[in-house]
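See structure below.
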2 protein chains.
Amino acid sequence: MATIYEVAALAGVSPATVSRVFNGNTVSEEKQRLVRDAAQKLGFTPNKTARRLRKQSSEIICLLVPDIENPFFTALARGVEDRAQESGFSVVLCNTDDDPAKELRYLQIAASEQMAGVILSPASDEVDLGAIASLGRPVVAVDRTTPYPVDAVKIDNRAAGIAATTALVEAGFRRIACIAGPAGIEETEDRYLGWKQVVTARKTLVRDGFLQHADFRVEGGRAAMKALLDLVQPPDAVVTTNNLMAIGALQALHETGIDPEDFGVAVLGELPYLLPPPVSVVQVRLPARHLGRTAASMLLERIGGDTQPLRTVVLRAEIARPPLSL
Amino acid sequence: MATIYEVAALAGVSPATVSRVFNGNTVSEEKQRLVRDAAQKLGFTPNKTARRLRKQSSEIICLLVPDIENPFFTALARGVEDRAQESGFSVVLCNTDDDPAKELRYLQIAASEQMAGVILSPASDEVDLGAIASLGRPVVAVDRTTPYPVDAVKIDNRAAGIAATTALVEAGFRRIACIAGPAGIEETEDRYLGWKQVVTARKTLVRDGFLQHADFRVEGGRAAMKALLDLVQPPDAVVTTNNLMAIGALQALHETGIDPEDFGVAVLGELPYLLPPPVSVVQVRLPARHLGRTAASMLLERIGGDTQPLRTVVLRAEIARPPLSL
DNA sequence: AAAGTGCAAGAAATCGATTTCGTCAAGCAC
DNA sequence: GTGCTTGACGAAATCGATTTCTTGCACTTT
């Protein structure tokens, strides 16, 4: 790996001049040519590490998500990556597994690696952004927000919950249950509030036990669905607040031998594409990739020195297919 | 961010001593304590960039895959990440989109970022590993191999192709087609050779047009399946050489109104989990996560200075469910 | 013609760690 | 007691770029 000194020696100039050539400072035409030729000949690539040490910042964005195996976050990551690419940034993708300790560890790495900024979907309300913040590195929260004063991009979760539930009501279902994520996570809380608002306003039948909390995973959704089906008066439809739990719910229905056409399922998020799902399934499409793209754009603006007041961008989800009548 | 100098000043020792404390060199008990206390008090975290510049290497692994949105690669990435974590390494995940130009760009970044090593699933046979190789950074190929002399972890693709096809034969299908990936990609080539071997040996009916090439995506699989169904004498079963094309194929079957129970489909890879697929679907499970884990282990060994001769590890895929009789 | 202005470009400092080199003192052999 | 080894540890060099400081020269300006 050729260094700036070797290039300088070959071109017969000082290292400073070589640096200036590559950083757009005033250098005479002639020396520019000399330097470029020399660099070309030696296959010179500036050492990013040295530059970073000097400049105290890098072109790397840290993206922290709970689970890359969840297609929602994969799509989000893809959006971030695409946008970052365009500006010559690279993305380091880290899994927190919704574990605050892992999250903290990664945040420290981000700080000590001089990463340019962080996009995260916080594992808990108690994220400690202190280390990052004190370095003046921008942070953008995606999908979930935090009590820390940072930019955020989120989905209108309440509206999504309302849309999903309304679609079921309009399809003729009257006993609509809800499988929500862990209590206390704002994202899922808002979605379930959307459900609550609709079932209350529309005066559908709601029993004790119609609200189930589960973790965000397939197994949780399956267990919650089983519990719902075991009720004395079980629901005839369900809203699940994320994609994985919906899969679990569908599995439970299948195992119980219920014809999926007879049972309404509304999903906040997308099911993995395979075959067209049963007609009684409503998907509220969450714009994951767009979420990532937007977050990356905001972060890059901040990195570029933008100092406007904190922003929270709220993206609207859309219903994947029009509500159906039974 | 406190530096080693501030710690040294507070502890009343030289910066060299501070460094020694954190790098396991001989320092007296007493000064160790002084240094650790001072570091603690200042919240000192060593600056990775400075260290990297000096040591000429980092604790970052670069992982290049064609498409993170493909669950196969996501699982692979997860395996790499888990293993890397255990050794305190971070993983930078990059999408090549099977584009050699993007791939090259990322390889250059890996070099100029002093990344410790690269794990890649090469977009083409012409990957230029020159830059990386000349720096002495280890490289491990996953899933696909390259003409360059590097370690590799792959799947026994031929055996997987054989297993998939055999399962269909044993289930009673007699006109078995194959939807293979782009011609010239070794990985898919081997899988299709497995198919060919079985259909030849078992003397099943093979028509012109029973071998379809498609890109690796859903759309390609769907189009190929349509082409197969349009044949004068269409097949009664198909082997698809990756997961996404299988989804496309199933969609095409569905759209054509064919009962999936009547048509055999063998997939090399896993379908996204949703409901149990039709009984006529055979999945050959590819150990993606394990592939990633193994690749990361090998890379880390090399990074650690292992100089044993080049290795290629071949992992065996397993049939997700026993072959069925019709 | 003397003094002032502007600009290209070299010299040297800087970023923060690691590491080599050298010093000093303690411990030991003869 | 002299000489030699050994270990702790400070001083200073080093990694490779960026950036500030300076210098020197050309060109105005009065």
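Quick note on labels: first sequence line is chain A, next is B, and so on, each numbered from 1.
B:Phe44 comes within 4.0 angstrom of the backbone, heavy atoms only, and of no base.
Side chain B:Arg54 to base D:dT14: a donor-acceptor pair is found below 3.5 Å. For C:dG16, its base never sits under 3.5 Å from the side chain of B:Arg52 at any donor and acceptor pair.
Going from atom CG of A:Asn23 over to atom P of C:dA8 covers 16 Å, rounded to whole Å. The separation between B:Gln32 atom CD and D:dA8 atom C1' is 12 Å, rounded to whole Å. Rounded to an integer number of Å, the gap from B:Glu113 CD to D:dA17 P is 13 Å. In this structure, B:Lys48 atom NZ and D:dC15 atom C1' are separated by 18 Å, rounded to whole Å. In this structure, the CZ atom of B:Arg20 is 13 Å from the P atom of C:dC21, given to the nearest Å. Whole-Å rounding puts the A:Tyr5 OH to D:dC15 C1' distance at 9 Å. Distance A:Glu59 CD to D:dT18 C1': 13 Å, rounded to the nearest Å. What separates CG of A:Leu34 from P of C:dA9 is a distance of 10 Å, to the nearest Å.
The side chain of A:Ser14 contributes an N or O atom lying less than 4.0 Å from OP1 or OP2 of C:dG10. At least one side-chain nitrogen or oxygen of A:Ser28 sits closer than 4.0 Å to the OP1 or OP2 atom of C:dA9. A close approach under 4.0 Å does not occur between any side-chain nitrogen or oxygen of B:Asn47 and OP1 or OP2 of C:dC15. Residue A:Lys31 has a polar side-chain atom (N or O) positioned under 4.0 Å from OP1 or OP2 of C:dG10. Side-chain N/O atoms of A:Thr26 include none lying less than 4.0 angstrom from OP1 or OP2 on C:dC7. A close approach under 4.0 Å does occur between a side-chain nitrogen or oxygen of B:Ser19 and OP1 or OP2 of C:dT18.
Ion pairing of A:Arg289 with B:Glu69 is present here, as a side-chain N (NZ or NE/NH1/NH2) and a carboxylate O approach within less than 4.0 Å. Ionic pairing of A:Asp98 and A:Arg217 is not present here: no N-O contact between side-chain nitrogen and carboxylate oxygen is shorter than 4.0 angstrom. With salt bridges taken as basic N to acidic carboxylate O contacts below 4.0 Å, none links B:Lys154 and B:Asp143. A salt bridge links A:Asp97 with B:Arg78; the closest basic N to acidic carboxylate O contact falls under 4.0 Å. Salt bridge status for B:Asp37 with B:Arg33: present, with a side-chain N to carboxylate O gap under 4.0 Å. Comment: A:Arg293 engages A:Glu86 in a salt bridge, judged by a side-chain N to carboxylate O separation of less than 4.0 angstrom.
Of the two residues near DNA chain C, A:Gly12 and A:Ala50, the one whose nearest nucleotide lies more 5' is A:Gly12. Of the two residues contacting DNA chain D, namely B:Val13 and B:Leu53, the nearest-nucleotide position lying further toward the 5' end is that of B:Val13.
Comparing D:dG16, C:dA9, C:dA11 against the side chain of A:Ala16 picks out C:dA11 as the nearest. Nearest to the side-chain atoms of A:Lys55 among the listed nucleotides D:dC9, D:dA17, D:dT19 stands D:dT19. When distances are taken from the side chain of A:Val27 to each of D:dG16, C:dA9, C:dA17, the shortest belongs to C:dA9.
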